Amino acid sequence: SMASGEYFMVTENAVESDGSLRGIGEGVWSYTATGAVAAGTVLTLADFTLQSGSSGLSGSGDQIIAYYTTDAANSQTTSSPSTYLCALDTKSGGWITSGSTSTTNSYLPTGLTDGTTAVSFGTHSDNGAYDGSTMSGSASDLRAAINNFANWNTHSTTLPAFITTGFSVTGSGGAAG
């Protein structure tokens, strides 16, 4: 859940091997809660504000990284993520483990685990959406379902249907990432 005024950022910039963001002109969006936001609420790109860079995922693979920063001076830029929340990778081969980042590849963000708090398609696909097979459970159960690639519909040319209804988060610790 989020209280009014809380925010987080989303970027398609790659994460470097040291955990910093590449920050080379790719899109950075912000979401600021204008009221209380219940755990399990589904947000779409229309809920975010483009803060910098250009908007558009690469057809050769890309990543979407959600993060929080406490650096007020840089809160609307990519320079200083304090905490990575979750991440998605659409590049063949998944997250890189050595070499240089680019506009189409990234290291797994610091503190995240593929299959638990991040998901990688493993094989390139231009379009993907969580299939909604698990819509109710604890925050950890929902994270496990969402970050399991087997629960995603992907296609190279057709956009799969996105879920639009919220998740039902049971138990305590309702921040499902």
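What you see is a predicted model, and the numbers here were worked out from it, not measured in a lab.
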Interatomic spacing from CZ in Arg143 to OG1 in Thr113 - rounded to 0.5 Å
11.0 Å
Between the side chain of Asn148 and the main-chain N/O of Ala145, is any donor-acceptor distance below 3.5 Å?
no
Looking at every non-hydrogen atom in both residues, tell me the closest pair between Ser106 and Thr101 and how far apart they are.
CA-CG2, 4.3 Å
Can you measure from CG (Leu88) to CD1 (Ile146) and round to the nearest 0.5 angstrom?
11.5 Å
Are Tyr130 and Phe162 connected in the hydrophobic side-chain network, where two residues link if heavy atoms are under 4.5 Å apart?
no
Main-chain N/O of Ala38 paired with Thr41 side-chain donor or acceptor, under 3.5 Å
yes
For the pair Asn147 (side chain) and Ala144 (backbone), establish whether a donor and an acceptor sit closer than 3.5 Å, ignoring hydrogens and angles.
no
Which residue pairs pass the ring pair (Phe, Tyr, Trp, His ring centres under 6.0 Å) test when at least one of the two sits in residues 92-112, sequence neighbours left out?
none
Criterion side-chain contact (heavy atoms from CB on, under 4.5 Å) on Phe121 and Asp89, from CA distance to verdict
CA-CA 6 Å; Phe121 288 3; Asp89 177 77; over 6 Å; no
Test side chain to side chain donor-acceptor pair (under 3.5 Å) applied to Asp131 - qualifying residues, sequence neighbours left out
Ser133
Any donor and acceptor pair, going by atom type alone, linking the side chain of Ser125 with main-chain N or O of His155 inside 3.5 Å?
yes
Closest non-hydrogen atom pair between Ser120 and Gly94, with its separation
OG-CA, 3.0 Å
Between OG1 on residue Thr154 and CG on residue Asn127, distance to nearest 0.5 Å:
9.0 Å
For the ring pair (Phe, Tyr, Trp, His ring centres under 6.0 Å) test, which of Trp29, Tyr31, Tyr7 pairs with Phe48?
Tyr31
Evaluation steps, side-chain contact (heavy atoms from CB on, under 4.5 Å), between Leu21 and Tyr67:
CA-CA 10 Å; Leu21 287 170; Tyr67 65 95; 3.7 Å; yes
Decide yes or no on side-chain contact (heavy atoms from CB on, under 4.5 Å) for Arg22 and Val15, but give the supporting numbers first.
CA-CA 6 Å; Arg22 185 167 183 261; Val15 174; over 6 Å; no
If only atom types and distance count, is the side chain of Tyr84 paired as donor or acceptor with the main-chain N or O of Gly19 below 3.5 Å?
yes
For the student: nearest non-hydrogen atoms of Leu43 and Phe8, plus distance
CD1-CZ, 3.8 Å
Is the shortest heavy-atom distance from the side chain of Asp62 to the side chain of Glu26 under 4.5 Å?
yes
Donor-acceptor pair, distance only, cut-off 3.5 Å: does the side chain of Thr170 make one with the backbone of Ser138?
yes
Please identify each residue that fulfils side chain to side chain donor-acceptor pair (under 3.5 Å) with Thr164, with sequence neighbours left out.
none
What pair of heavy atoms forms the shortest contact from Asn13 to Ile65, and how long is it?
O-CG1, 3.9 Å
Go through the steps for Thr103 and Glu12 under the test side-chain contact (heavy atoms from CB on, under 4.5 Å), then give the verdict.
CA-CA 8 Å; Thr103 58; Glu12 60 184 296; over 6 Å; no
Thr134 side chain to Leu142 backbone, donor-acceptor under 3.5 Å
no
Give a yes or no on whether the backbone of Glu16 and the side-chain of Ser20 come within a donor-acceptor separation of less than 3.5 Å.
no
